[in-house]
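Labels below follow one simple rule: chain letters A, B, ... track the order of the sequence lines, proteins then strands, and each chain is numbered from 1. Since the structure is predicted, the reported quantities are computational estimates derived from the model, not experimental observations.
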Amino acid sequence: MGQDLNNFFEKFLKKQNMFKDKKVLQSAHLPNEILHRDDQINQIAQILAPALRLERPSNVFIYGKTGTGKTLSIKHTSQQLLDVAKTRNIPLKIVYVNCKLKKIADTEYRLIAELARFFGKAIPPTGLPTDEVYNIFFRELDREKKVVILVLDEIDQLVKKAGDQIIYNLTRINSDLKQAELCLVGISNDLAFANNLDPRVKSSLSEEELVFPPYNALQIQDILQGRAIQAFSDGVLEQGVIQKCAAYAAREHGDIRRALELLRVAGELAERKGLSAITLAELDEAQEKIEKDRFVDVVFTQPKQFQAVLYSIIMMEKDSAFFTGDVYDIYKKICQKANLRPLTQRRVSDVIAELDMLGIINARVISKGRYGRTREIGLSLPTEIEPKIKQILEESLLLT
DNA sequence: CGAGATTCATGTGAAGTATACCTTTAGGCTTAA
DNA sequence: AAGCCTAAAGGTATACTTCACATGAATCTCGTA
């Protein structure tokens, strides 16, 4: 046994390393140079530049679909700004918060708590009055003369869950600040988002607006090429892989993040198979794997009750259309088997709505006329991974 | 036949409850003078 | 007497429940052509 393993590791080491620097392909990576976003970056820079003179920059609202470089551009510009500020000793702070993260910044309390933590204050997850946390945050903010740029990524998620009051408060905070200046940068994937906003909030948040258009296939190709050179060892990419990868991504509304992930996963697959080069076959395989992993991951991290509801929905799936009541009946049985205390139908209704938001299921409210009003529910998992998801749920819920 | 009333199943909002966690306060014990 | 620890009291956020009302088109009803 040991002998075998030894052998395996030896072989592993001898094999040519496919990746030179895998980090370059990971979504957290900040490249030195951002291609095809010069306009946007320059605009951001222009808007935020007054911060260096300790003037409050205009609030900015940034739109664009996923994977169009919004977050990247902001982070890049922030970094540069901070560098300059540092060498000149300018008191500038930039806080970046992703509002999508559940349990981090999806309510007013949690968002403000997170901000206060950025200033080095320990805030408990519950127990304090929101006002109190707000005051702590405010005091820290106003402690000294400085400019703070607050970047709220995926702000639409926050507003959807917690309302626009928070944003309103934040935009108004400046009139109370004596020393510091606060500038808001909101980032949204949802182009229609601003329309549902209170007009006052909207106008104060979007003193400046910026739109990130999707990349086209050529641009994606260009970017991939650049990253691939850094990420992979020479000659491991077969002809046409980049092109195909770009084509895939362009079809998916120009999402560069996906394209990079695709390339990375394809590389990993090829490496695991012991191939010397990445071929188109791995690319296709990667495409599936990513899709699969995404769902598996989301499902896996859901709370038990959500999983139970989802499991009930999967059990229903065979016949075409079904409704909240049907799901709830099954759900109650599942709970019994899984030794869970069943939630009320009221709550399950909300859970279904949330699962819908996560994109795991499709649910829409319909009226069946004489036969009442309900949600029509359908699974939106790719059928190939349905058994896998089912299995995960069974394990997680201890069903056998 | 068609306009309006009815009806059903559950959506949805508001208010209440349980839980987990926080700070403050008061008491009790220890310690140092 | 001052200091320190502990436990109770009083408070909050969040997830969930309870209650009550809202919804909206298929179906029913009934007056009219």
Provide, to the nearest angstrom, the distance between the [atom1] atom belonging to [X] and the [atom2] atom belonging to [N].
X	N	atom1	atom2	value
A:Ile366	C:dA22	CD1	P	22 Å
A:Asn135	B:dC22	CG	C1'	16 Å
A:Arg117	B:dC22	CZ	C1'	13 Å
A:Arg346	B:dT10	CZ	P	14 Å
A:Glu354	B:dG11	CD	P	14 Å
A:Arg373	B:dG13	CZ	P	10 Å
A:Phe323	B:dA9	CZ	C1'	11 Å
A:Tyr371	B:dG11	OH	P	19 Å

Next on the checklist: For the NZ atom on A:Lys65, are there more than 12 heavy atoms of other groups (residues, nucleotides or ligands in this structure) within a distance under 6.0 Å?
Outcome noted: no
Checklist entry - More than 12 non-hydrogen atoms from neighbouring residues, nucleotides or ligands closer than 6.0 Å to NZ on A:Lys22, yes or no? => result yes
Checklist entry - Side chains of A:Arg257 and A:Thr66: do they bring a donor and an acceptor to under 3.5 Å? => result no
Short N/O separations, protein against nucleotides 6-16 of chain C, under 3.5 angstrom:
residue: C:dG11; atom: N2; partner: A:Gly127; partner atom: O; Å: 3.2
residue: C:dT12; atom: O4'; partner: A:Gly127; partner atom: O; Å: 3.2
residue: C:dT12; atom: O3'; partner: A:Leu128; partner atom: O; Å: 3.4
residue: C:dA13; atom: OP1; partner: A:Thr130; partner atom: N; Å: 3.0
residue: C:dA13; atom: OP1; partner: A:Thr130; partner atom: OG1; Å: 2.4
residue: C:dA13; atom: O4'; partner: A:Thr126; partner atom: OG1; Å: 3.3
residue: C:dT14; atom: OP1; partner: A:Thr107; partner atom: OG1; Å: 2.6
residue: C:dA15; atom: OP1; partner: A:Arg110; partner atom: NH2; Å: 3.4
residue: C:dC16; atom: OP2; partner: A:Arg347; partner atom: NE; Å: 3.0
residue: C:dC16; atom: OP2; partner: A:Arg347; partner atom: NH2; Å: 2.5

Checklist entry - For the side chain of A:Arg370, counting heavy atoms from C-beta on, which of C:dC19, B:dC22, C:dC28 is nearest? => result C:dC28
Next on the checklist: Side chain of A:Val365 only, heavy atoms from C-beta on: which candidate in B:dA14, C:dT27, B:dG11 is closest?
Outcome noted: B:dG11
Next on the checklist: I'd like to know if A:Asp106 and A:Lys161 make a salt bridge, using a cut-off of under 4.0 Å between side-chain N and carboxylate O.
Outcome noted: yes
Checklist entry - Is the shortest distance from a Lys or Arg side-chain nitrogen in A:Arg346 or A:Asp350 to a carboxylate oxygen in the other one below 4.0 Å? => result yes
Next on the checklist: With a 4.0 Å limit, can you tell me whether A:Ser367 has a side-chain N or O closer than that to the phosphate oxygens OP1/OP2 of C:dA26?
Outcome noted: no
Next on the checklist: Less than 4.0 angstrom between a side-chain N/O of A:Arg364 and OP1 or OP2 of B:dG11, yes or no?
Outcome noted: no
Item to check | Beyond-backbone contact of A:Ile389 with A:Phe300, side-chain heavy atoms, under 4.5 angstrom | outcome: no
Would you tabulate the side-chain donor-acceptor contacts of residues 145-158 of chain A under 3.5 Å, counting partners in other chains and residues two or more places apart, or write 'none'?
residue: A:Lys146; atom: NZ; partner: A:Glu140; partner atom: O; Å: 3.2
residue: A:Asp153; atom: OD2; partner: A:Thr71; partner atom: OG1; Å: 2.8
residue: A:Asp153; atom: OD2; partner: A:Tyr96; partner atom: OH; Å: 2.4
residue: A:Glu154; atom: OE1; partner: A:Asn189; partner atom: ND2; Å: 3.3

